[in-house]
Participant: 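Shown below is the structure under consideration.
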Amino acid sequence: MTLPLNPAWRDEFAARLLAWGSGQRGHLPWRAAADDGRRDPYRVWVAEIMLQQTGVTTVGPYYDRFLARFPTVATLAAAPLDDVLKAWEGLGYYARARHLHRAAQIVVAEHGGRVPSDAHALARLPGIGRYTLGAILSIAFGQPAPILDGNVRRVLARVFAITDNVRAPATERRLWALSEALVPADAPGAFNEALMDLGATICIAARPRCLACPVMSLCQGRAMGIQDALPTRPPRRQTPHYDVTAGVIWRGDEFLVAQRPLDKMLGGLWEFPGGKCDPGETLADCLRRELREELAIEVAVGDAVTVVRHAYTHFRITLHAFHGRIVSGEPRAVEVAAFAWTTLADVDRYAMAVTDQRILAALRRR
DNA sequence: TAGTCGTGGGC
DNA sequence: TGCCCAAGACT
């Protein structure tokens, strides 16, 4: 692919962006340099995984806690997955935590516990795709590798006035090629971070702050007055809604929690057992059926605990939680990874998703 | 390759 | 409120 990027323009773009970027966001915890002025590749790696599809303000406290709990690749690799998921609890996209954990074990086994600086070795690690590869190579190792994330995609679509659907494969290839052509050999990490910072603070999705932009005069989208309409995305299809039940199944002061299968949504997290209702099914019938299927127990459904509404990426749920008790059978892990009896005082040891945290909060209010 | 995978904030 | 969006990867 030929690029309409002449060297003088490219150098001007990089110079302005770097000059702007040097004053930006030095306070972010994952940007702290060690005594030798370099960035710990492990810390860069963890930050980049956490930042996938997740905002800077959300990641901040998680990052600090995670690094305090798992300060090195070796400590992460040696930890039980349950501990890693507990540290990730509430952050979402839990496959990231499972992959990061597995990747840390690979780094220990195959690379002596040191994050490899080789692109091929890095790219083989679970959870490291093309973006994260470029981010680690450029930010942690100073290699001129390109990145393309939501910020860069938006900035480049505007700077080059790309009106095609940015998610189309051909457009993606063009954007990657532009990112690769732009990244300067002498400061790839600072440049890539500045590009993302620009997208996060100036070239934002709604009503970009062009007057504060260091590359405004280089921006074709701005010159054409179409910056607000870019990038072009395909329409999102509407998300279905489901009614879901969950049971707080009591045995004295204890209640049941079940661990979700590792290969499914929220895999490895613990929950109040239950599941999606069939069309026309009553909530009580739904809960009894789900507990029969998942744990091989017959339960009596009692009072409601709370109702939780929640929107996932591809569907919405109304979660109806009920008190209950076993009327026959002993729990067996049939369609769940595991189960346990716990108490309100002890349940915090288990990593649970936000909806189940809401149920817990309702239980504690009573 | 198109669908799947969380959650919180902004508007 | 409901939708959009976010430092994507995996299958």
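The sequence lines fix the lettering, A, B, ..., with proteins before strands; numbering per chain opens at 1.
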Participant: Going by modelled atom types, is there a donor-acceptor pair between the base of B/dG6 and the side chain of A/Thr54 at under 3.5 Å?
Facilitator: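 Flag set: donor-acceptor pair detected.
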Participant: Considering only side-chain heavy atoms of A/Arg154, which listed nucleotide, B/dT1, B/dG6, C/dA6, is closest?
Facilitator: C/dA6
Participant: Which part of the nucleic acid does A/Arg130 contact within heavy-atom distance under 4.0 Å: base, sugar-phosphate only, or nothing?
Facilitator: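 Sugar-phosphate: the residue A/Arg130, judged by heavy atoms under 4.0 Å, touches backbone atoms but no base.
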Participant: Check the distance between C/dA9's C1' and A/Glu48's CD and give it to me in whole angstrom.
Facilitator: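 Rounding to the nearest Å, CD of A/Glu48 and C1' of C/dA9 are 14 Å apart.
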Participant: How many whole angstroms separate atom CZ of A/Phe315 from atom P of B/dG6?
Facilitator: 9 Å
Participant: Establish, yes or no, whether a centroid distance under 6.0 Å links the rings of A/Tyr312 and A/His314.
Facilitator: no
Participant: With sugar-phosphate meaning primed atoms plus P, OP1 and OP2, does A/Gly199 contact a base, only sugar-phosphate, or nothing at under 4.0 Å between heavy atoms?
Facilitator: nothing
Participant: So which one's nearest nucleotide on DNA chain B is more toward 5', A/Gln52 or A/Thr57?
Facilitator: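 Result of the comparison: A/Gln52.
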Participant: Which part of the nucleic acid, if any, lies within reach of A/Leu269 when heavy atoms closer than 4.0 Å are counted: base, sugar-phosphate only, or nothing?
Facilitator: nothing
Participant: Would you classify A/Arg153 as touching base, sugar-phosphate or nothing, given that sugar-phosphate means primed atoms plus P, OP1 and OP2, and contacts are heavy atoms under 4.0 Å?
Facilitator: nothing
Participant: Below 4.0 angstrom from OP1 or OP2 of C/dA9, is there any side-chain N or O of A/Thr132?
Facilitator: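 Looking at the OP1 and OP2 atoms of C/dA9, one of them is under 4.0 Å from a side-chain N or O of A/Thr132.
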Participant: In this structure, how many angstroms lie between the C1' atom of B/dG8 and the OH atom of A/Tyr93, rounded?
Facilitator: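 It works out to 12 Å between those atoms.
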Participant: Any base atoms under 4.0 Å from A/Trp88, or only sugar-phosphate, or nothing? Heavy atoms, all strands.
Facilitator: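 Nothing: the residue A/Trp88, judged by heavy atoms under 4.0 Å, touches no strand.
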Participant: What's the closest nucleotide to the A/Met265 side chain, out of B/dG8, C/dA9, B/dG6?
Facilitator: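 Of all the options, the side chain of A/Met265 is nearest to B/dG6.
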Participant: Between A/Glu298 and A/Arg292, is there a side-chain N and carboxylate O pair less than 4.0 Å apart?
Facilitator: yes
Participant: Describe the nucleic acid contact of A/Asp197 in one word from base, sugar-phosphate, nothing, applying a heavy-atom distance below 4.0 Å.
Facilitator: base
Participant: Tell me the interatomic distance from A/Arg96, atom CZ, to C/dA6, atom C1', rounded to whole angstroms.
Facilitator: 10 Å
Participant: Looking at B/dG6, I'd like to know if its phosphate oxygens (OP1 or OP2) sit under 4.0 Å from a side-chain N or O belonging to A/Arg316.
Facilitator: no
Participant: So what does A/Leu266 touch, heavy atoms closer than 4.0 Å: a base, only the sugar-phosphate, or nothing?
Facilitator: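 The residue A/Leu266 makes sugar-phosphate contact but no base contact.
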Participant: Can you measure A/His314 atom NE2 to C/dT11 atom P for me and round it to whole angstrom units?
Facilitator: 16 Å
Participant: Find the distance A/Tyr312:OH to C/dG2:P and express it as a whole number of Å.
Facilitator: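 The answer, rounded to whole Å, is 17 Å.
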Participant: Taking it one step at a time, do A/Trp88 and A/Ile49 satisfy side chain to side chain contact (heavy atoms under 4.5 Å, CB included)?
Facilitator: CA-CA 11 Å; A/Trp88 211 272; A/Ile49 300 296; 3.8 Å; yes
Participant: May I ask you to say what A/Thr239 touches in the nucleic acid, namely base, sugar-phosphate or nothing, with a heavy-atom cut-off under 4.0 Å?
Facilitator: nothing
Participant: Given the side-chain rings of A/Phe66 and A/Trp30, with only the six-membered ring counted for Trp, is the space between their centroids under 6.0 Å?
Facilitator: no
Participant: Could you tell me whether A/Ile128 contacts a base, only the sugar-phosphate backbone, or nothing, with contacts defined as non-hydrogen atoms closer than 4.0 Å?
Facilitator: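 A/Ile128: backbone/sugar contact only, no base atoms under 4.0 Å.
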Participant: Rounding to an integer number of Å, can you tell me how far A/Arg233 CZ sits from C/dG8 P?
Facilitator: 10 Å
Participant: Compare side-chain N and O positions of A/His310 against OP1 and OP2 of B/dT7 and report whether any pair is under 4.0 Å apart.
Facilitator: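 It does, given that an N or O in the side chain of A/His310 lies less than 4.0 Å from OP1 or OP2 of B/dT7.
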Participant: In the structure I gave you, are the side-chain heavy atoms of A/Leu295 and A/Leu256 within less than 4.5 Å of one another anywhere?
Facilitator: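 SC-SC contact between A/Leu295 and A/Leu256 confirmed.
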Participant: A/Gly127 near the nucleic acid: base, sugar-phosphate alone, or nothing, with a heavy-atom cut-off under 4.0 Å?
Facilitator: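 Contact class for A/Gly127: sugar-phosphate only.
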Participant: Is A/Thr313 side chain donor-acceptor paired with the B/dG6 base, going by distance under 3.5 Å alone?
Facilitator: yes
Participant: Name the residue closer to the 5' end of DNA chain C, choosing between A/Ala123 and A/Ala47 according to the nucleotide with the nearest heavy atom.
Facilitator: A/Ala47
Participant: Starting at the 5' end of DNA chain C and moving along, which residue's nearest nucleotide shows up first, A/Val56 or A/His99?
Facilitator: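 Mapping each residue to its closest nucleotide by heavy atoms, the 5'-most match is A/Val56.
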Participant: So does A/Lys264 pair up with A/Glu271, basic N to acidic O under 4.0 Å?
Facilitator: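 No salt bridge links A/Lys264 with A/Glu271.
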Participant: Using the P atom as the point on both nucleotides, what is the distance between B/dG6 and C/dT11, in whole Å?
Facilitator: 14 Å
Participant: Does A/Ala311 reach a base, just sugar-phosphate, or nothing at all? Heavy atoms under 4.0 Å.
Facilitator: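 It contacts base atoms.
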Participant: Just checking A/Arg102: base, sugar-phosphate only, or nothing, at a heavy-atom cut-off of under 4.0 Å?
Facilitator: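 Since no nucleic acid heavy atom lies under 4.0 Å of A/Arg102, the category is nothing.
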Participant: Could you walk me through whether A/Ile326 and A/Arg251 pass the side chain to side chain contact (heavy atoms under 4.5 Å, CB included) check?
Facilitator: CA-CA 8 Å; A/Ile326 297 177; A/Arg251 184 179 73 180; over 6 Å; no
Participant: Identify which nucleotide among B/dG6, B/dG8, C/dC5 has an atom closest to any side-chain atom of A/Gln53, counting heavy atoms from C-beta outward.
Facilitator: B/dG6
Participant: Atom CZ of A/Arg167 to atom P of B/dT4: distance rounded to whole Å?
Facilitator: 16 Å
